J.: 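Below is a structure I'd like to ask you about.
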Amino acid sequence: LKKNDEALKDLEKSIQLGPRNAKAHHSRGLLRAGHLGNLQAALQDLDAAIELDANNAQYLFNNASVRIRLGRFRGAMELLERASQLGSSRDLNLLIRAARARTHFLLGNRTQAFRGVEDSLKTYPESGLLYDTRGEFLARGAQTSLARTDLRRAAKLMGESERPYL
């Protein structure tokens, strides 16, 4: 806890010295969301980072992730759509695709959610994250046998400790 408090003070000082420093706002938002549990304050920081750097797919994705945790699915989907239009690394693109599918599912768009996972599996056939996502959808739809198959495959591909928190 003490290291998080020190990190927060350092980031606040950095923002005070350079209020247009998108990376500092983003970092403080991640600290607040992940380690301090203050999602509302995190969202303010992540919004500020996007205002300063609107074409950063990582900032958009992390902002959307906090919105999902707050139950603000439509706002999250808008950010994920924007992030998916930007060029990003293979790993980030995979995270964006999985988050989009999960958000569609949470919005009640089950067909769109499954389609998103299926399309993504064509590009990333060895993605444990995508099998985990599809397995979760199947389990919620009471298709337990199929869900078990996907969740086992996900566990083999990525290990239990890597499951997303979204």
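Worth knowing before you read on, the calculation uses all heavy atoms, side chains too, and leaves out hydrogens, waters and symmetry mates. Note that the structure is predicted; figures quoted are calculated from it, not measured.
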J.: Under the criterion side chain to side chain contact (heavy atoms under 4.5 Å, CB included), I'd like the reasoning laid out for His35 against Leu30: C-alpha separation, chi angles, the key distance, then a yes or no.
T.: CA-CA 8 Å; His35 296 287; Leu30 293 180; over 6 Å; no

J.: Just verifying a value: how many Å separate Leu80 CG and Leu60 CG, rounded to the nearest 0.5 Å?
T.: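 Atom-to-atom, Leu80:CG and Leu60:CG are 8.5 Å apart.
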
J.: Are side-chain heavy atoms of Arg32 and Leu8 found at a separation under 4.5 Å?
T.: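 Answer yes - side chains close enough.
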
J.: What residues, two or more places apart in sequence or in another chain, satisfy side-chain contact (heavy atoms from CB on, under 4.5 Å) together with Ser127?
T.: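 Listed in chain order: Leu94, Tyr124, Leu129, Leu130.
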
J.: Begin from the C-alpha positions of Leu46 and Val66 and carry the test side chain to side chain contact (heavy atoms under 4.5 Å, CB included) through to its verdict.
T.: CA-CA 9 Å; Leu46 296 171; Val66 169; 3.6 Å; yes

J.: With side chains defined as the heavy atoms from C-beta onward, is the minimum distance between Thr103 and Ile68 less than 4.5 Å?
T.: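 Thr103 vs Ile68: side chains touch.
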
J.: Testing the basics here: between Ala57 and Leu86, what is the closest heavy-atom pair and its distance to 0.1 Å?
T.: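 Reported closest heavy-atom pair: N-CD1, 3.8 Å.
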
J.: Should Leu107 and Leu79 be regarded as members of a common hydrophobic cluster, given that ILVMFWY residues are connected when their side-chain heavy atoms come within less than 4.5 Å of each other, either directly or indirectly?
T.: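 No, it is not one cluster - the side chains of Leu107 and Leu79 are not joined through contacts under 4.5 Å.
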
J.: Is a side-chain donor or acceptor of Ser88 paired with a backbone partner of Ser84 at a separation under 3.5 angstrom?
T.: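 Flag not set: sc Ser88 to bb Ser84 has no pair under 3.5 Å.
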
J.: Taking atom types as modelled, is there a side-chain donor on His26 or Asp45 under 3.5 Å from an acceptor on the other?
T.: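 Absent: no donor and acceptor within the cut-off.
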
J.: Rounded to the nearest 0.5 Å, what separation is found between the CG atom of Leu11 and the NE2 atom of His25?
T.: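 Answer for the CG-NE2 pair, Leu11 versus His25, is 10.0 Å.
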
J.: Would Phe61 and Leu95 count as a side chain to side chain contact (heavy atoms under 4.5 Å, CB included) if you check the C-alpha gap in whole Å, the side-chain angles of each, and the deciding distance to 0.1 Å?
T.: CA-CA 8 Å; Phe61 171 76; Leu95 290 171; 3.8 Å; yes

J.: Using 0.5 Å steps for rounding, measure from the CG atom of Leu106 to the CZ atom of Arg72.
T.: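 One finds 15.5 Å between CG of Leu106 and CZ of Arg72.
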
J.: Salt bridge check: are Arg82 and Glu78 linked by an N-O gap of less than 4.0 Å?
T.: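 No.
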
J.: Could you tell me which non-hydrogen atom of Arg134 sits nearest to which non-hydrogen atom of Glu118, and how far apart they are?
T.: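 Result for this residue pair: NH1-OE2, 2.8 Å.
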
J.: Measuring from atom CG of Asn38 to atom CD of Gln44, what distance do you get when rounded to the nearest 0.5 angstrom?
T.: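 If I round to the nearest 0.5 Å, the distance is 8.0 Å.
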
J.: Would you check, one step at a time, whether the test side chain to side chain contact (heavy atoms under 4.5 Å, CB included) holds for Asn56 with Ile50?
T.: CA-CA 7 Å; Asn56 186 310; Ile50 290 172; over 6 Å; no

J.: So, do Thr123 and Arg97 sit near enough that their side-chain heavy atoms are less than 4.5 Å apart?
T.: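 The answer is yes; the side chains approach within 4.5 Å.
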
J.: Mind checking whether Asn21 and Leu52 have side chains closer than 4.5 Å, heavy atoms only?
T.: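 Sidechains of Leu52 and Asn21: no contact.
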
J.: On a heavy-atom basis, which atom in Gly29 and which in Ala42 lie closest, and how many Å separate them?
T.: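 Gly29 and Ala42 have their closest heavy atoms at O-CB, 3.3 Å.
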
J.: Tell me whether Ile96 is reachable from Tyr59 by hopping between hydrophobic residues (I, L, V, M, F, W, Y) whose side-chain heavy atoms are closer than 4.5 Å.
T.: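 No; Ile96 is not reachable from Tyr59 via cluster members.
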
J.: Could you check whether any side-chain N or O of Asn109 sits under 3.5 Å from a backbone N or O of Gln112, counting only pairs where one atom can act as donor and the other as acceptor?
T.: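 Judged by distance alone, no pair lies under 3.5 Å.
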
J.: For Phe105, is the NZ or CZ atom of Arg110 found under 6.0 angstrom from the centre of its six-membered ring and inside 45 degrees of the ring axis?
T.: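 Because its charged atom sits under 6.0 Å from the ring centre and within 45° of the axis, Arg110 does stack over Phe105.
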
J.: Answer with yes or no whether the hydrophobic clustering places Leu157 together with Val117; edges join I, L, V, M, F, W, Y residues whose side-chain heavy atoms lie under 4.5 Å apart.
T.: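 They do share one cluster, since a chain of ILVMFWY contacts under 4.5 Å joins Leu157 to Val117.
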
J.: Considering only NZ, NE, NH1 and NH2 on the basic side and carboxylate oxygens on the acidic side, decide whether Arg67 and Asp47 come within less than 4.0 Å.
T.: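 The answer is yes: the pair qualifies as a salt bridge.
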
J.: I want to check something: taking the side chain as every heavy atom from C-beta on, are Ser65 and Arg69 in contact at a cut-off of under 4.5 Å?
T.: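 The answer is no; the side chains never approach within 4.5 Å.
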
J.: Check the hydrophobic clustering (I, L, V, M, F, W, Y; side-chain heavy atoms under 4.5 Å; chains of links allowed) and say if Phe114 and Phe73 are grouped together.
T.: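 They do share one cluster, since a chain of ILVMFWY contacts under 4.5 Å joins Phe114 to Phe73.
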
J.: Please determine whether a side-chain nitrogen of the Lys or Arg among Lys122 and Asp119 lies less than 4.0 Å from a carboxylate oxygen of the Asp or Glu.
T.: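 Answer for the salt bridge query: yes.
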
J.: How long is the straight-line distance from CG of Asp53 back to NZ of Lys23, given to the nearest 0.5 Å?
T.: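 Interatomic distance, Lys23 NZ to Asp53 CG, rounded to 0.5 Å: 11.5 Å.
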
J.: What are the two closest non-hydrogen atoms of Ala113 and Ala101, and how far apart are they?
T.: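 Heavy-atom minimum between the residues: CB-O, 3.3 Å.
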
J.: So, do Leu70 and Gln40 sit near enough that their side-chain heavy atoms are less than 4.5 Å apart?
T.: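 When only atoms from C-beta onward are counted, Gln40 and Leu70 do touch, with a gap below 4.5 Å.
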
J.: What distance do Glu81 atom CD and Arg100 atom CZ have between them, rounded to the nearest 0.5 Å?
T.: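 The distance works out to 4.0 Å.
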
J.: Please determine whether salt bridge (charged side-chain N to carboxylate O under 4.0 Å, His left out) holds for the pair Arg153 and Glu126, giving the CA-CA distance in whole Å, both sets of side-chain angles, and the decisive distance to 0.1 Å.
T.: CA-CA 9 Å; Arg153 183 154 189 193; Glu126 296 301 315; 3.5 Å; yes

J.: Any side-chain to backbone donor/acceptor pair from Ser14 onto Asp10? Under 3.5 Å, distance only.
T.: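 No; zero donor-acceptor contacts below 3.5 Å.
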
J.: Which heavy-atom pair separates Ala147 from Ala139 by the least distance, and what is that distance?
T.: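 It is CB-N, 3.5 Å.
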
